[in-house]
There are 2 protein chains.
Amino acid sequence: MTGSDAIDRTVQAIREHGGRVTDQRKAILRVLFDESDHVTADELVRRVNSALPDVHVTTVYRFLDTLEEMGLVAHVHLGHGPAAYHLTTHRHAHVVCDGCGTIEVIDSSTIDRWSSELRRQTGFQLTEQHFAFAGRCSRCAGPR
Amino acid sequence: MTGSDAIDRTVQAIREHGGRVTDQRKAILRVLFDESDHVTADELVRRVNSALPDVHVTTVYRFLDTLEEMGLVAHVHLGHGPAAYHLTTHRHAHVVCDGCGTIEVIDSSTIDRWSSELRRQTGFQLTEQHFAFAGRCSRCAGPR
DNA sequence: AACTTATCGCAGGCTGGTTGCAACAAGGCG
DNA sequence: CGCCTTGTTGCAACCAGCCTGCGATAAGTT
């Protein structure tokens with residue numbers, strides 16, 4: 001319900017943006033809105049293909065690019081591997097565990113606090129977190 | 001003076017580690033200790049080659065790997081491009097400006113403070129900053 | 001239905017980094 | 001000193017992640 005509503009609105013936005021709505025794009029949108037988490041381009045392709053075979057990686061990358069241009073999607077670099085894409089429904093930053101790869105979403109207010117502290121000290125301010133913070137989750141860090 | 005002292009000590013450490021000291025390795029070390037800043041593998045190759053031609057990229061990567069294993073060198077990912085290598089003479093983290101690419105080194109005590117705050121909140125602690133923080137320097141952020 | 005033009009799939013390319021392997025040479029030993 | 005073991009080198013080839021060029025296809029306007 002909510003999901004397909006959101007998709008309908010996105011489809012509308014794409015057309016207003018001068019874009020066309022193809023079966024491939026609809027399938028990609030469905031996966032994106034279904035999966036509330038982060039997806040790599042490759043995972044996205046795999047899942048799209050299970051509904052609509054033969055959608056090519058390039059198609060996915062190109063559509064993700066236009067969605068990013070439109071501000072509906074963002075990608076984050078979680079580490080050495082491929083980037084992860086997510087809807088920009090709410091601002092957040094990411095911490096990735098070096099040990100087990102767990103991704104934790106951290107609140108943007110924390111980042112904002114750090115950013116203003118850093119700005120006072122050095123003039124730098126942290127931007128939307130395009131690169132994840134590396135760390136260790138409580139399990140991998142162990143006691144102490 | 002100090003530089004070549006440090007190199008001599010490193011050469012010693014390499015031998016104790018069971019490694020051999022070749023002309024290529026000496027040339028790489030010279031560049032590393034000369035350049036107190038961060039260098040990409042490619043820059044390193046170029047500078048090494050100006051002293052000793054035909055040293056191959058692979059050689060540089062492999063030697064950097066062993067230096068990292070020995071804990072003498074670390075690399076940091078500053079953004080989308082190649083990684084930057086530096087001596088581990090002192091612990092520090094990096095902030096990269098999205099706008100102009102300026103790299104600023106930030107004190108590890110700041111990171112430690114953030115890390116313990118995050119740990120209290122989520123159990124996560126930030127590790128040595130293998131990935132740089134993205135941000136905007138005062139010039140690129142503009143006033144306010 | 002006709003037509004314009006965005007989008008698609010595919011082949012191929014690019015960057016940053018790694019691997020397999022034969023030739024080479026560091027440095028230990030007699 | 002010269003021999004010999006074994007770490008190191010250069011080269012070619014490969015890999016992942018992503019992007020580009022291009023002719024074919026199809027969305028959506030009229």
Side-chain angles (χ1 to χ4, degrees), chain A residues 8 10-29 38-46 48-49 51-70 73-85 101 130-132, chain B residues 8 10-29 31 38-46 48-49 51-70 73-85 96 101 130-132:
Chain A
D8 287 349
T10 307
V11 161
Q12 202 42 41
I14 290 169
R15 276 199 252 263
E16 277 159 21
H17 188 254
R20 291 179 185 175
V21 179
T22 61
D23 288 353
Q24 291 91 329
R25 290 186 163 195
K26 277 186 272 184
I28 294 169
L29 284 179
H38 304 83
V39 223
T40 65
D42 230 55
E43 276 168 27
L44 201 41
V45 171
R46 233 174 301 123
V48 166
N49 279 347
L52 184 69
D54 300 325
V55 176
H56 204 271
V57 216
T58 354
T59 302
V60 169
Y61 275 117
R62 281 193 277 226
F63 188 38
L64 286 171
D65 278 358
T66 70
L67 290 173
E68 289 209 56
E69 262 174 45
M70 294 172 64
V73 159
H75 71 271
V76 56
H77 300 277
L78 298 173
H80 284 128
Y85 291 81
H130 187 64
F131 292 91
Chain B
D8 288 348
T10 306
V11 160
Q12 200 44 39
I14 290 169
R15 276 200 253 263
E16 278 160 21
H17 187 255
R20 290 180 186 174
V21 179
T22 62
D23 287 353
Q24 290 93 327
R25 292 185 160 195
K26 277 186 273 185
I28 294 170
L29 285 177
V31 175
H38 306 82
V39 223
T40 65
D42 230 55
E43 276 169 27
L44 200 42
V45 170
R46 231 174 303 121
V48 165
N49 279 346
L52 182 70
D54 299 326
V55 175
H56 204 272
V57 217
T58 353
T59 303
V60 169
Y61 275 117
R62 283 193 277 226
F63 188 39
L64 286 171
D65 279 356
T66 71
L67 290 173
E68 288 210 58
E69 264 175 41
M70 295 173 63
V73 159
H75 72 270
V76 57
H77 300 278
L78 298 172
H80 284 128
Y85 291 80
V96 184
H130 187 63
F131 291 92

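Chain identifiers are assigned alphabetically (A, B, ...) following the order of the sequence lines, protein sequences preceding nucleic acid strands; residue numbering begins at 1 within each chain.
Atom-to-atom, NE2 of His17(A) to C1' of dA27(D) comes out at 17 Å; the value is rounded to the nearest Å. In this structure, the NZ atom of Lys26(A) is 14 Å from the C1' atom of dT7(C), given to the nearest Å. When rounded to the nearest whole Å, the span between CG of Leu52(A) and C1' of dG9(C) equals 12 Å. Distance, Leu78(B) CG to dT15(C) C1': 16 Å, rounded to whole Å. Atom-to-atom, CG of Asn49(B) to P of dC11(D) comes out at 10 Å; the value is rounded to the nearest Å. As a whole-Å value, the separation of Met70(A) CE from dA6(C) P is 15 Å. Rounded to an integer number of Å, the gap from CD of Glu68(B) to P of dG17(C) is 11 Å. Following rounding to the nearest Å, His56(A) (NE2) and dC22(D) (P) show an atom-to-atom distance of 17 Å.
The shortest side-chain heavy-atom distance between Thr59(B) and Val48(B) does not fall under the 4.5 Å cut-off.
Residue-level contact check: Thr22(B) touches the backbone only, with heavy atoms under 4.0 Å from sugar-phosphate atoms and none from bases. Counting any heavy atom pair closer than 4.0 Å across all strands shown, Ala83(A) reaches sugar-phosphate atoms only and no base atom. Counting any heavy atom pair closer than 4.0 Å across all strands shown, Arg62(A) reaches a base atom. Within 4.0 Å (heavy atoms only), Val55(B) reaches sugar-phosphate atoms of the nucleic acid but no base atom. No contact: Asp42(A) has no heavy atom under 4.0 Å from any strand.
Among the nucleotides dG17(D), dG10(D), dG28(D), the one closest to the side chain of Val21(A) is dG28(D).
No donor-acceptor pair closer than 3.5 Å links the side chain of Arg15(B) to the backbone N or O of Val21(B).
A centroid separation of less than 6.0 Å is found between the aromatic rings of His80(B) and Phe131(A).
Note on Tyr61(A): every side-chain N or O is 4.0 Å or more away from OP1 and OP2 of dC19(D). Phosphate contact (OP1/OP2 of dG9(C), side-chain N/O of Thr58(A), threshold under 4.0 Å): absent. Phosphate proximity of dG10(D) to Gln24(B): present, with a side-chain N or O under 4.0 Å from OP1 or OP2. At dA26(D), none of the side-chain N or O atoms of Arg20(A) fall inside 4.0 Å of OP1 or OP2 (strictly under the cut-off).
A residue-by-residue look at Tyr85(B) and Asp23(B) shows that Tyr85(B) has its nearest nucleotide of DNA chain C further toward the 5' end. DNA chain C is contacted by both Gly81(B) and Thr59(A); Thr59(A) maps to the nucleotide lying nearer its 5′ end (nearest heavy atom per residue).
A distance of 10.0 Å separates CG in Leu29(A) from CG in Asp8(A), rounded to the nearest 0.5 Å.
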Would His75(A) and His130(A) count as a side chain to side chain contact (heavy atoms under 4.5 Å, CB included) if you check the C-alpha gap in whole Å, the side-chain angles of each, and the deciding distance to 0.1 Å? CA-CA 7 Å; His75(A) 71 271; His130(A) 187 64; 3.0 Å; yes
